[in-house]
Amino acid sequence: MSYPSRLSSCVLAGLFLLTPGCKKEGGAHPSSAQGASSLPVGATKPDASKLPEDDGQWLTASKDAANTRYSRLKDIHAGNVKHLKLAWSWSTGLVRGHEAAPLVVGGTMYVVTPYPNRLVALDLTKEGAPVKWTYEPAPSPSAQGVACCDVVNRGAAYADGRIFYNTLDAHTVAVDAQTGKELWKTKLGDINKGETMTMAPLVVRDRVIVGNSGGELGVRGWAAGLDTKTGAIAWRAMSTGPDADVLIGPNFKPFYASDQGKDLGVRTWPPDQWKVGGGNVWGWVSYDAALDLVFYGTGNPGPWNPDQRPGDNKWTCGIFARRPSTGEAVWFYQWSPHDLYDHDGINESIVADLTVNGKPRQVLIHPGRTGYVYVLDRATGQVLSATPFGHITTSTGVDLKTGRLQPVPGMETGFDKTVRGICPASPGSKDWSPSAFNPETGLLYIPGNNLCQDAQGYEANYIAGTPYVGMNVKMYAGPGGNRGEFIGWDVAAGKKVFGIPEKFPVWSGVVVTAGDVAFYGTMDGWFKAVHARTGQELWKFKVGSGIIGQPITFRGPDGKQYVSVLSGVGGWAGAIVAGGLDPRDDNIALGFGAAMKDLPRHTTPGGMLYTFALP
């Protein structure tokens, strides 16, 4: 693919380097955010007796449709985890960012790699877990040149004897789990427009729920439901545009007045701007069977420069509740109306039941890029609480009557402005990296960022398949100098139980177990186990490359509990290493490189799967 000469230096191996024609933004927070509200006094923990048994498998990237990443296995526990040893390892042979969660189905582990998106089946019944088969989807090489933030893939899902996952060149595939044979392959997007797919799908009955990436190239966002048997597109819901395109009909009943009205996906934008408006669905999908609703977040509007798109820019930076069979919208809530800082709304929303003021509530728990842990009523979209968990200078809280985020005057980005001390930065107080929730204790485990930024707006011109950002950004460490923090959070009380400062952003996922252990990885290559109630470090293991993957735990065919994680630094945070970028240039990787200049001294690229067990 060719690029206009002005933008040719903006793309290198799929990473935006951000010369003064293509950039990204970020921010910081006053420790006492006025207007922030925690759950009302009287909130209690969930009822653990209602939790299902754990069969020891890991069938979807998030462990379950509720997005808990919680395992009831407890052979490995806080008292013996210090004895964990490496059981076996396997190299992917690739050097880009490895963000996926492996799957475990029966006696087989399935691993999806970054581009070229191989699906590899490993035989857990044999010593060293040798390769059973490899499926090669052969995505178009051109997709690498339009991937905003590395050529990553976040994992697969299993159902009815099939493995489902997405390829970088905007296809969804179904593969026979026993043989590795391709069953179907459906094209959903156009890489010539900059459209890619990196998210992990969720299977709900006979639908595979998927979405697209490409907001930094002006790609119009959507979610889609595919037929699991044939791959046919049953529905596609756009994130911008007329109600008919967004699948908004008479049963759409958002809680707040600002989300009510006809064709807001057009009327809250300048003329035709919604056609290149972003709102991509590249994060996590969750599902509540009782309400028969899927929930997913939408990404940032395009371009980043907010002066080019006055209005609330519906339906970006928010969350939809939809019927999985038809895609019909039921409600929507917008985390960041008229987003100023690239605070995508795609982070996971965890399905949980809490008792609030003596009344049971069906809720969603959402640790957002804006720096707040949100608790929403999942039947209506009402915000019950929004409590700061990071350092925030850009807002003072969420008005629970209107649902509106309250911006700090004078911190708005745009034309001819240089705004300093924006916290959280564009990656947010937490980016895509998924948290874990223990329904038995009510504690949430957040892989957090502590980053701020300076930003300067400029005019972005839309050219299909090229960067469409309009913001120069320079990121740096927030207060304290640590760029990350692993946080244990009491959802019912709305407070931090513990925080573990980390040198770099915590870009890995988390898994928590009934054995009171939480596992996560660091970008400088440590895989850690901490006490899930106190945060005390219990064990750590040095791997070959920084960890941005999602750990899992499972019961093997031999009856033992294992823990696995992919290492392989990269992604947006690790672009400076995976892309071999020049640390002297503050503009690399949409401004993230300025905050990560020292990362190449602490880790090297290279994908490896590590699996641990007790002796």
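For reference, positions follow the sequence shown, starting with 1. In this text the structure is predicted, and so the values were computed from the model without any measurement.
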Are [X] and [Y] ion-paired here, with the side-chain N under 4.0 Å from a carboxylate O?
X: Lys430; Y: Glu485; result: no
X: Asp490; Y: Lys495; result: no
X: Arg162; Y: Asp176; result: no
X: Lys253; Y: Asp259; result: no

Is the backbone of [Y] close enough, under 3.5 Å, to the side chain of [X] for a donor and an acceptor to pair up by distance?
X: Tyr165; Y: Asn117; result: yes
X: Asn438; Y: Ala514; result: no
X: Arg236; Y: Gly327; result: no
X: Arg555; Y: Gly56; result: no
X: Thr355; Y: Pro360; result: no
X: Asn347; Y: Pro367; result: yes

Whether over 12 other heavy atoms sit under 6.0 Å from [X] [atom1]:
X: Asp55; atom1: CG; value: yes
X: Lys560; atom1: NZ; value: yes
X: Lys542; atom1: NZ; value: yes
X: Gln178; atom1: CD; value: no
X: Arg533; atom1: CZ; value: no

Assess whether ring pair (Phe, Tyr, Trp, His ring centres under 6.0 Å) is satisfied between Tyr372 and Phe389, documenting all intermediate values.
-> CA-CA 6 Å; Tyr372 299 90; Phe389 70 95; 8.2 Å; no
Gap between atom [atom2] of [Y] and atom [atom1] of [X] - 0.5 Å precision:
X: Arg69; Y: Ser62; atom1: CZ; atom2: OG; result: 5.0 Å
X: Lys63; Y: Leu103; atom1: NZ; atom2: CG; result: 11.0 Å
X: Leu188; Y: Asn166; atom1: CG; atom2: CG; result: 7.5 Å
X: Trp90; Y: Thr611; atom1: CH2; atom2: OG1; result: 11.0 Å
X: Ser435; Y: Trp489; atom1: OG; atom2: CH2; result: 12.5 Å
X: Thr441; Y: Asp516; atom1: OG1; atom2: CG; result: 7.5 Å

Pair [X], [Y]: side-chain N/O donor-acceptor within cut-off below 3.5 Å:
X: Tyr374; Y: Ser349; result: no
X: His77; Y: Asn80; result: yes
X: His98; Y: Ser567; result: no
X: Glu440; Y: Tyr70; result: yes
X: Gln561; Y: Thr553; result: yes
X: Arg205; Y: Tyr287; result: yes
X: Ser213; Y: Thr198; result: yes
X: Asp54; Y: Ser71; result: yes
X: Tyr296; Y: Arg322; result: yes
X: Asp431; Y: Ser433; result: no
X: Glu348; Y: Ser286; result: no
X: Asn280; Y: Asn212; result: yes
X: Asn251; Y: Glu328; result: yes

Which pair of heavy atoms, one from Leu451 and one from Pro427, lies closest together, and at what distance?
->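 Nearest heavy atoms, Leu451 then Pro427: CD1-CG, 4.3 Å.
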What heavy-atom pair brings Ile365 and Ala352 nearest, and what distance separates the two atoms?
-> CD1-CB, 3.9 Å
Ring-ring centroid check Phe612 Trp539, cutoff 6.0 Å = yes
Please check if the distance between the ring centroids of Phe295 and Phe320 is under 6.0 Å.
->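 No; Phe320 has its ring centre 6.0 Å or more from that of Phe295.
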Using the ring of Trp432 (Phe, Tyr or Trp, six-membered ring only), decide whether Arg154 places NZ or CZ under 6.0 Å from its centre and within 45 degrees of its axis.
->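 Geometry flag: set, cation within 6.0 Å and 45°.
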Honestly, is Arg323 close enough over Trp331, meaning NZ or CZ under 6.0 Å from the six-membered ring centre and within 45° of the axis?
-> no
For Phe554 and Trp58, run ring pair (Phe, Tyr, Trp, His ring centres under 6.0 Å): C-alpha distance rounded to whole Å, both residues' side-chain angles, the deciding distance at 0.1 Å, then the answer.
-> CA-CA 7 Å; Phe554 62 94; Trp58 199 279; 9.0 Å; no
Checking ring pair (Phe, Tyr, Trp, His ring centres under 6.0 Å) for the pair Phe164/Tyr158: CA distance, chi angles, key distance, verdict?
-> CA-CA 6 Å; Phe164 304 91; Tyr158 169 85; 8.4 Å; no
Check the angle between the aromatic planes of His366 and Trp335 and answer parallel, tilted or perpendicular using the 30° and 60° thresholds.
-> parallel
Could you tell me how the ring of Trp315 sits relative to the ring of Phe252: parallel (under 30°), tilted (30 to 60°) or perpendicular (over 60°)?
-> perpendicular
Start with the C-alpha distance between Asn300 and Thr316, add both sets of side-chain angles, then the distance that settles side-chain contact (heavy atoms from CB on, under 4.5 Å), and finish with yes or no.
-> CA-CA 6 Å; Asn300 61 283; Thr316 65; over 6 Å; no
